[in-house]
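Reminder, nothing fancy here: chain letters follow the sequence lines and each chain counts from 1.
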Number of protein chains: 2
Amino acid sequence: MTFTKATEFDATQQEIARLAKVLSHPARVAILQHLAKTQSCISGDIAQELPLSRTTVSQHLQELKAAGLIKGEIDGLTVCYCIDTEQFGKAKALLETFFSGISFACNCDC
Amino acid sequence: MTFTKATEFDATQQEIARLAKVLSHPARVAILQHLAKTQSCISGDIAQELPLSRTTVSQHLQELKAAGLIKGEIDGLTVCYCIDTEQFGKAKALLETFFSGISFACNCDC
DNA sequence: AAACTATGACGTATGTTTACGACATACTTT
DNA sequence: AAAGTATGTCGTAAACATACGTCATAGTTT
């Protein structure tokens, strides 16, 4: 990170950007929706639901995990992934605060 | 776009990802907050508020504009940027729907 | 123990984003 | 008209993201 200037912004802005980045690929959005839909942990057959190879799906899962949005516990041969409800709630609150802070009536003519 | 598979996901997932991508850099988050704070159109002195060159800020402004979140009208020598309240409202609603659809109580032990 | 299965880690090719200097454009002022 | 000012566009280098095949690991089954 010697080139990017992303770290020179304030903590909240960086946190919002970090969260948004996780959601910035449809595969990760799809994975979250799939985990929510199945209402339970699910092992790597997620790949079969998506137009991606198992390897690529695994990579996206790692990113979601690194961001804290999902948890993954080893359960014998399979791994049990599910949404981290607490962290997800925090993410939701963060974005809600951001959007609420932005909404306003522009007083110009454009 | 011959390499990415992003287009193979459903429209809503792509739309969420597209919106998230716009917010995935702290500079763009900061620009939106700055525009909201000043409660009016503002010309390119935004660059002086950020740790970035004028050129780079201009580039971020173009991305926000391309995404429809802000509008920019030429007003003589300066350009008047402001948040597109209607589009911004739609973006907010889209994310709210997504987050509401995800929140659930995981029934496993992880 | 040997074969099988599910998964993550590694390597790598290609595409995209970020950042900025230099140049172009267009309006304003003198 | 010439100089000045505010912006956008272009070119480009470095960093990062995406996608997937192959290999390594670790538990299961026979």
Considering all heavy atoms, the nearest A:Gly68-A:Gln87 contact
O-CB, 3.2 Å
Output yes when at least one side-chain N/O atom of A:Tyr81 is less than 4.0 Å from OP1 or OP2 of C:dA6, else no.
no
Taking only N and O in the side chain of A:His60, is any of them less than 4.0 Å away from OP1 or OP2 of D:dA19?
yes
Just to verify, what does A:Gln59 make a side-chain hydrogen bond (donor to acceptor under 3.5 Å, both in side chains) with, not counting sequence neighbours?
none
Atom CD of A:Gln14 and atom P of C:dT18 are separated, to the nearest Å, by 14 Å
Ignoring backbone atoms, test whether B:Thr78 places a side-chain nitrogen or oxygen under 4.0 Å from the OP1 or OP2 oxygen of D:dA6.
no
Assess whether side chain to side chain contact (heavy atoms under 4.5 Å, CB included) is satisfied between A:Thr38 and A:Tyr81, documenting all intermediate values.
CA-CA 11 Å; A:Thr38 57; A:Tyr81 283 111; over 6 Å; no
Could you state the atom-to-atom distance from CD of A:Gln62 to C1' of D:dC20 in whole Å?
16 Å
Report yes if some heavy atom in the side chain of A:Ile83 is under 4.5 Å from a heavy atom in the side chain of A:Leu69; otherwise report no.
no
Once you round it to whole Å, what is the distance between C1' of D:dA19 and CD of B:Glu8?
12 Å
Quick one: B:Leu61 CG to C:dA19 P, roughly how many Å, whole number?
13 Å
Sugar-phosphate means primed atoms, P, OP1 and OP2; the rest is base. With that split, encode nucleotides 21-30 of chain C 5' to 3' as B, S or - using protein heavy atoms under 4.0 Å.
BB---BBS--
Take atom CD1 of A:Ile70 and atom P of C:dT7, then tell me their distance rounded to the nearest Å.
13 Å
Specify the separation, in whole Å, of atom NZ of B:Lys5 and atom P of C:dG15.
15 Å
Measure up the B:His60 and B:His25 rings against each other and bin them: parallel (under 30°), tilted (30 to 60°), perpendicular (over 60°).
tilted
Calculate the interatomic distance between B:Leu50 atom CG and C:dT18 atom P; express it in whole Å.
14 Å
For residues A:Leu94 and A:Thr12, determine if any side-chain heavy atom of one lies less than 4.5 Å from a side-chain heavy atom of the other.
yes
Indicate yes or no: at least one non-hydrogen side-chain atom of A:Leu32 is less than 4.5 angstrom from one of A:Leu23.
yes
Using a cut-off of strictly less than 4.0 Å, decide whether A:Lys65 has a side-chain nitrogen or oxygen near OP1 or OP2 of C:dG8.
no
In numerical order, the residues of residues 15-27 of chain A whose heavy atoms come under 4.0 Å of DNA chain D are A:Lys21, A:His25
With nearest nucleotide decided by heavy atoms, which residue, B:Ser58 or A:Arg28, maps closer to the 5′ end of DNA chain D?
B:Ser58
With a 4.0 Å limit, can you tell me whether A:Thr56 has a side-chain N or O closer than that to the phosphate oxygens OP1/OP2 of D:dC20?
yes
Inter-residue atom distance B:Thr85.OG1 - B:Ile70.CD1, 0.5 Å rounding:
12.0 Å
Walk me through it: do A:Cys82 and A:Glu73 pass the test side chain to side chain contact (heavy atoms under 4.5 Å, CB included)?
CA-CA 9 Å; A:Cys82 63; A:Glu73 295 286 319; over 6 Å; no
